[in-house]
There are 2 protein chains.
Amino acid sequence: MSEVILKDALVTLKESGVRITPQRHAILEYLISSEMHPTADEIYKALEGDFPNMSVATVYNNLRVFRNTGLVKELTYGDSSSRFDFVTHDHYHIICDHCGKIVDFHHPGLEEVEHLASHVTGFQVNSHRLEVYGTCPECAVSVQKAK
Amino acid sequence: MSEVILKDALVTLKESGVRITPQRHAILEYLISSEMHPTADEIYKALEGDFPNMSVATVYNNLRVFRNTGLVKELTYGDSSSRFDFVTHDHYHIICDHCGKIVDFHHPGLEEVEHLASHVTGFQVNSHRLEVYGTCPECAVSVQKAK
DNA sequence: TAAACTAATGATAATGATTATAAAGAAGTA
DNA sequence: TACTTCTTTATAATCATTATCATTAGTTTA
Ligand SMILES: [Mn+2]
Ligand SMILES: [Mn+2]
Ligand SMILES: [Zn+2]
Ligand SMILES: [Zn+2]
């Protein structure tokens, strides 16, 4: 299933004049298959078996290439390092305050909020960012036990 | 006007057993008077006239103290450094993609989104974060001219 | 095909925000 | 005053990310 997505991504890259290297192929494949919004370092570690000589700079460079091509979104939180999400359809994220897990969820876009914001501030609005925070079901269990 | 807010903040600190040092007083005062959501370094630079010997670590330490007391919110965006916002009433932010300016705006809380997110993910929801991005009126003018 | 050009990789150094450490100073307490 | 605790300051350490640059690989041109 993710085969098609990968193929499409490769086409997009080729159309943007970006060469498909084995490293790029592997990073993309990993991003598409992963549900966990990995950091650059996690990607690096996940691929070091197949690419023992790959530099961490290559991971960063290529994530930037993917971001500029619109294939990948960078998620930035307060904590240390960025996380990366392969772009399919629009979605929001809910994040566990305890374990840091990031889970996708869907919700109609908040155009109303964008309109109001534009109206009261005079900005031309391009986009918005929304995240919900809380306790994931797994962590809720642990918190129960701790009592 | 912000006098009252400062007084209240000092009371909150005292009640939390936090000593009021001249540096803390100055950082708080600066945060309250500033509309611009400054970074730690901007605060440091703004106060170096009055406190030539103050260490940048003191700024960071005290911002953390204020954050833990609930007086200050830390705003983390992708770009390098955190920004700090003195907490008064809840509000959202709209951010200019061109100049980085951060402007407050008010909008009813998005409880509906929190409920739906909780429902589809099984999380216990605590909070959410929303930012709107776009072009501020000033930058819109510059963009016009550039054409 | 060979030469020339261009892009990508990998090793390593640099950057920059933030945190840790430890000594010195100030305030609080008995 | 003696003792304890907190705070500041200077400085070093950390760590993610970016820059540099030589090497390699791919593409284009002659
Ligand atoms: Mn996602
Ligand atoms: Mn604000
Ligand atoms: Zn969790
Ligand atoms: Zn602007």
Side-chain angles (χ1 to χ4, degrees), chain A residues 9-10 12-30 37-69 71-85 100, chain B residues 9-10 12-30 37-69 71-85 100:
Chain A
L10 296 177
T12 303
L13 284 182
K14 198 163 279 177
E15 284 172 356
S16 308
V18 176
R19 293 185 193 158
I20 318 294
T21 65
Q23 293 87 341
R24 286 181 177 161
H25 192 283
I27 294 172
L28 267 185
E29 199 170 20
Y30 181 74
H37 310 86
T39 64
D41 199 61
E42 283 166 359
I43 297 171
Y44 175 66
K45 292 229 166 62
L47 300 180
E48 71 179 355
D50 293 339
F51 297 87
N53 297 320
M54 185 169 61
S55 171
V56 69
T58 298
V59 176
Y60 278 102
N61 287 339
N62 289 333
L63 286 171
R64 178 162 41 201
V65 169
F66 298 156
R67 175 157 51 76
N68 293 341
T69 335
L71 286 176
V72 163
K73 255 195 178 169
E74 185 174 358
L75 312 176
T76 57
Y77 305 108
D79 68 324
S80 50
S81 39
S82 289
R83 300 188 158 272
F84 295 88
D85 200 2
Chain B
L10 295 177
T12 303
L13 283 183
K14 198 163 279 177
E15 283 172 357
S16 308
V18 176
R19 293 183 191 159
I20 318 294
T21 66
Q23 293 88 340
R24 286 181 177 161
H25 192 284
I27 295 172
L28 266 186
E29 198 170 21
Y30 181 75
H37 310 85
T39 65
D41 200 62
E42 284 166 359
I43 298 171
Y44 175 66
K45 293 229 164 64
L47 299 181
E48 72 179 353
D50 293 340
F51 297 85
N53 296 322
M54 183 169 61
S55 172
V56 69
T58 298
V59 177
Y60 278 101
N61 286 340
N62 290 332
L63 285 171
R64 180 163 38 201
V65 169
F66 298 156
R67 175 157 51 76
N68 293 340
T69 334
L71 286 176
V72 163
K73 255 196 180 170
E74 183 173 359
L75 311 177
T76 57
Y77 305 109
D79 68 326
S80 48
S81 38
S82 289
R83 300 188 159 272
F84 295 87
D85 200 3

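Just so it is clear, the values below take in all heavy atoms, side chains as well, and ignore hydrogens, waters and symmetry mates. Residue numbering restarts at 1 for every chain, and letters A, B, ... go by the order of the sequence lines.
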Exercise for the section: May I ask you to say what Ser82(A) touches in the nucleic acid, namely base, sugar-phosphate or nothing, with a heavy-atom cut-off under 4.0 Å? Expected result: sugar-phosphate
Practice task
Would you indicate which nucleotide in dA10(D), dT8(D), dT17(D) comes nearest to any side-chain atom of Asn53(B)?
Solution key: dA10(D)
Exercise for the section: Output yes when at least one side-chain N/O atom of Ser55(B) is less than 4.0 Å from OP1 or OP2 of dT8(D), else no. Expected result: no
Handout entry: Outermost nucleotides of DNA chain C that come under 4.0 Å of a non-hydrogen atom of chain A
Key = dT6(C) to dA11(C)
Handout entry: Per Val18(B) side chain, nearest of listed nucleotides dT7(D), dT17(D), dT9(D)
Key = dT7(D)
Handout entry: Residue whose closest nucleotide on DNA chain D lies nearer the 5' end, Val56(B) versus Ala40(A)
Key = Val56(B)
Problem - Between C1' of dT7(D) and NE2 of His25(B), the distance in whole Å - result: 17 Å
Practice task
Could you list all the side chain to side chain donor-acceptor pair (under 3.5 Å) pairs where at least one residue sits in residues 51-60 of chain A, not counting sequence neighbours?
Solution key: none
Handout entry: 4.5 Å side-chain heavy-atom contact, Leu13(B) and Leu28(B)
Key = yes
Practice task
Describe the nucleic acid contact of Ser81(A) in one word from base, sugar-phosphate, nothing, applying a heavy-atom distance below 4.0 Å.
Solution key: sugar-phosphate
Fill in the blank from the handout: Nearest-nucleotide check on DNA chain C, Gly17(A) vs Glu74(B); residue mapping nearer the 5' end is Gly17(A)
Practice task
Identify, with sequence neighbours excluded, every residue that meets side-chain hydrogen bond (donor to acceptor under 3.5 Å, both in side chains) alongside Lys45(B).
Solution key: Asp41(B)
Handout entry: Leu63(B) and Arg67(B), any side-chain heavy atoms less than 4.5 Å apart
Key = no
Practice task
Give Asp41(A) one of three labels, base, sugar-phosphate or nothing, depending on what nucleic acid heavy atoms sit under 4.0 Å from its own.
Solution key: nothing
Fill in the blank from the handout: Side-chain contact check for Arg19(A): nearest option of dT18(D), dG26(D), dT7(D) is dG26(D)
